[in-house]
2 protein chains.
Amino acid sequence: MEGKNDKDFIATLRDHGLQVTYQRLAIYQALYFTKDHPSAETIYQQVKKRFPMISLGTVYKTLEKFYEVELIQKVSPVTEVARYDAKMGSHHHLVCLDCQSIQDADGMVGEQRIAIPENHGFQVVRQQVVLQGYCPACKPGNS
Amino acid sequence: MEGKNDKDFIATLRDHGLQVTYQRLAIYQALYFTKDHPSAETIYQQVKKRFPMISLGTVYKTLEKFYEVELIQKVSPVTEVARYDAKMGSHHHLVCLDCQSIQDADGMVGEQRIAIPENHGFQVVRQQVVLQGYCPACKPGNS
DNA sequence: ATTCTTGCAAACGGTTTGCACATAC
DNA sequence: GTATGTGCAAACCGTTTGCAAGAAT
């Protein structure tokens, strides 16, 4: 499953419609080769070791771009600002990528805990399922 | 399922170990009686109609307190700053409430889409499952 | 040659913090 | 009476933005 070389990474970027720069290559590789889920700042520190002249702003712009073209995931946050909910039982949330509205997902709600088989001693307190997409009002096709 | 009066809300706050103030009551009720998932600012605007002297800072402190005692949920963000992941297939994340480390959940990963039966025309693009809790290093009991 | 990207620095905005006063218990 | 919460304003800090110079195609 390993053994990706620079050429592979370049191809990956191109496949996602991106121009290739050494900054993008370095940023993507830094993220690809770690199991942590680093922040922009952390990636910046990492990449700076190889390319001391890179700027933090570029890292932000690049990560956002990667996210747009679905090359990487953004684990959190899902909305720009914090959003709250008085309903406590675990239930799913539908978050509109466009207008950022949030609604509860009907059906299949309830207390159905996601089974979590032995995760190296991680003790789960809460769970949260977020489905991102487009609400009826923002669905592509609505001009 | 409805018909909660002030006395019930007061009891709810007390049950969660909170001192009762009219600000807390108003904030909790504002959140309780909406299906939206409002931001602190939105709640502030709402509550200000009844109590024009309330401050935004109080709303922030109060919501954070509510969240701490598990009276309300914070839908997003789950971490203080944005965190990224190069692994694209939908998989679950374990987020430590203490040190904010993130690891992938083993097992049950894969492409198992969460079934989403008819949600009023919401079109799902991505899904994300976040399990919050304590990583082995931060588990209560470790001094 | 043209378009897209980078680097830098300033601006932005949501959230947090400090402190004096007020309120809950 | 004491601990806790509130209001206000300033500070904080992660992120975004504007623009001139540089690189990719």
Side-chain angles (χ1 to χ4, degrees), chain A residues 6-7 9-28 30 37-48 50-69 71-72 74-84 100 102, chain B residues 6-7 9-28 30 37-48 50-69 71-72 74-84 100 102:
Chain A
D6 276 17
K7 215 160 74 175
F9 285 112
I10 290 172
T12 301
L13 294 178
R14 289 238 162 82
D15 288 350
H16 287 260
L18 298 170
Q19 266 190 17
V20 177
T21 66
Y22 70 83
Q23 291 93 334
R24 287 182 173 176
L25 210 49
I27 290 169
Y28 181 57
H37 297 68
S39 64
E41 177 68 33
T42 304
I43 293 170
Y44 170 61
Q45 295 300 340
Q46 180 70 24
V47 172
K48 203 160 62 162
R50 288 172 59 200
F51 302 102
M53 74 301 299
I54 200 173
S55 88
L56 180 56
T58 297
V59 175
Y60 273 103
K61 285 173 187 164
T62 302
L63 289 170
E64 185 57 29
K65 194 106 214 172
F66 286 176
Y67 177 64
E68 275 175 36
V69 300
L71 176 58
I72 65 173
K74 196 189 283 185
V75 177
S76 166
V78 162
T79 54
E80 289 172 9
V81 307
R83 302 280 287 273
Y84 300 89
Q100 301 234 107
I102 301 179
Chain B
D6 277 15
K7 215 160 77 175
F9 285 112
I10 290 171
T12 301
L13 294 178
R14 290 238 163 80
D15 288 351
H16 287 261
L18 298 169
Q19 269 191 20
V20 176
T21 67
Y22 68 85
Q23 290 93 334
R24 288 182 173 178
L25 209 50
I27 290 169
Y28 181 58
H37 297 68
S39 64
E41 177 69 32
T42 304
I43 293 170
Y44 171 60
Q45 295 301 338
Q46 180 70 24
V47 171
K48 203 161 60 163
R50 287 173 60 199
F51 302 102
M53 74 303 298
I54 200 172
S55 87
L56 179 56
T58 296
V59 174
Y60 272 103
K61 286 172 185 163
T62 301
L63 289 170
E64 185 57 29
K65 194 107 213 171
F66 285 176
Y67 177 65
E68 274 174 35
V69 302
L71 176 58
I72 66 173
K74 194 189 285 186
V75 176
S76 168
V78 161
T79 55
E80 289 172 10
V81 307
R83 300 282 285 273
Y84 299 90
Q100 302 234 108
I102 302 180

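The sequence lines fix the lettering, A, B, ..., with proteins before strands; numbering per chain opens at 1. Every heavy atom of this structure was used, including side-chain atoms; hydrogens, water molecules and symmetry mates were not.
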Apply side-chain contact (heavy atoms from CB on, under 4.5 Å) to Gln45(A) and list each qualifying residue two or more places apart in sequence or on a separate chain. Glu41(A), Lys48(A)
To the nearest angstrom, the CG-C1' distance between Leu56(B) and dG13(C) comes to 11 Å
Nucleotides 22-25 of chain C: which of its N/O atoms have a protein N/O under 3.5 Å away?
unit_1  : atom_1 : unit_2   : atom_2 : d
dA24(C) : O3'    : Val20(B) : O      : 3.4
dC25(C) : OP1    : Arg14(B) : NH2    : 3.0
dC25(C) : OP1    : Val20(B) : N      : 3.1
dC25(C) : OP2    : Arg14(B) : NH2    : 3.2

side-chain contact (heavy atoms from CB on, under 4.5 Å) between Ile54(B) and Ile27(B), intermediate numbers included: CA-CA 10 Å; Ile54(B) 200 172; Ile27(B) 290 169; 4.2 Å; yes
Which residues share a salt bridge (charged side-chain N to carboxylate O under 4.0 Å, His left out) with Glu64(B), sequence neighbours left out: Lys74(B)
Kindly compute the distance separating CE (Met53(B)) from CD (Gln23(B)), expressed to the nearest 0.5 Å. 8.5 Å
Value in whole Å for how far the C1' atom of dC12(C) lies from OH of Tyr60(A): 13 Å
Ala26(A) versus Phe51(A), closest heavy-atom pair with distance: CB-CE1, 3.5 Å
Going 5' to 3' on DNA chain D, which nucleotide is the first and which the last to come under 4.0 Å of a heavy atom in chain A? dG14(D) to dT25(D)
For Ile54(B) and Val81(B), take the nucleotide of DNA chain D holding the closest heavy atom to each; which residue's nucleotide lies nearer the 5' end? Ile54(B)
Using side-chain heavy atoms (C-beta onward) and a distance below 4.5 Å, is Thr79(A) in contact with Ile102(A)? yes
Closest-nucleotide ordering on DNA chain D, the 5'-leading residue of Ala40(A) and Lys61(A): Ala40(A)
Atom-to-atom span, CD of Glu41(B) to C1' of dG13(C) - whole angstrom: 10 Å
Can you sort out the partners of Thr12(B) under side-chain contact (heavy atoms from CB on, under 4.5 Å), two or more places apart, ordered by chain and number? Lys4(B), His16(B), Tyr28(B), Leu71(B)
With rounding to the nearest 0.5 angstrom, report the CG to CD1 distance, Leu18(A) to Ile10(A). 12.5 Å
Can you measure Tyr67(B) atom OH to dT15(C) atom C1' for me and round it to whole angstrom units? 15 Å
Using five pairs at either end of the helix from dA1(C)-dT25(D) to dC25(C)-dG1(D), determine the angle between the two local helix axes and round it to 10 degrees. 50°
Can you tell me how far NE2 of His37(B) sits from OG of Ser76(B), rounded to the nearest 0.5 angstrom? 12.0 Å
Point-to-point distance, once rounded to the nearest 0.5 Å, from CG of Leu63(A) to OH of Tyr44(A): 13.5 Å
Provide, to the nearest angstrom, the distance between the CD atom belonging to Gln45(B) and the C1' atom belonging to dG14(C). 14 Å
Hey, what do you get for OG (Ser55(A)) to OH (Tyr60(A)), rounding to the nearest 0.5 Å? 11.0 Å
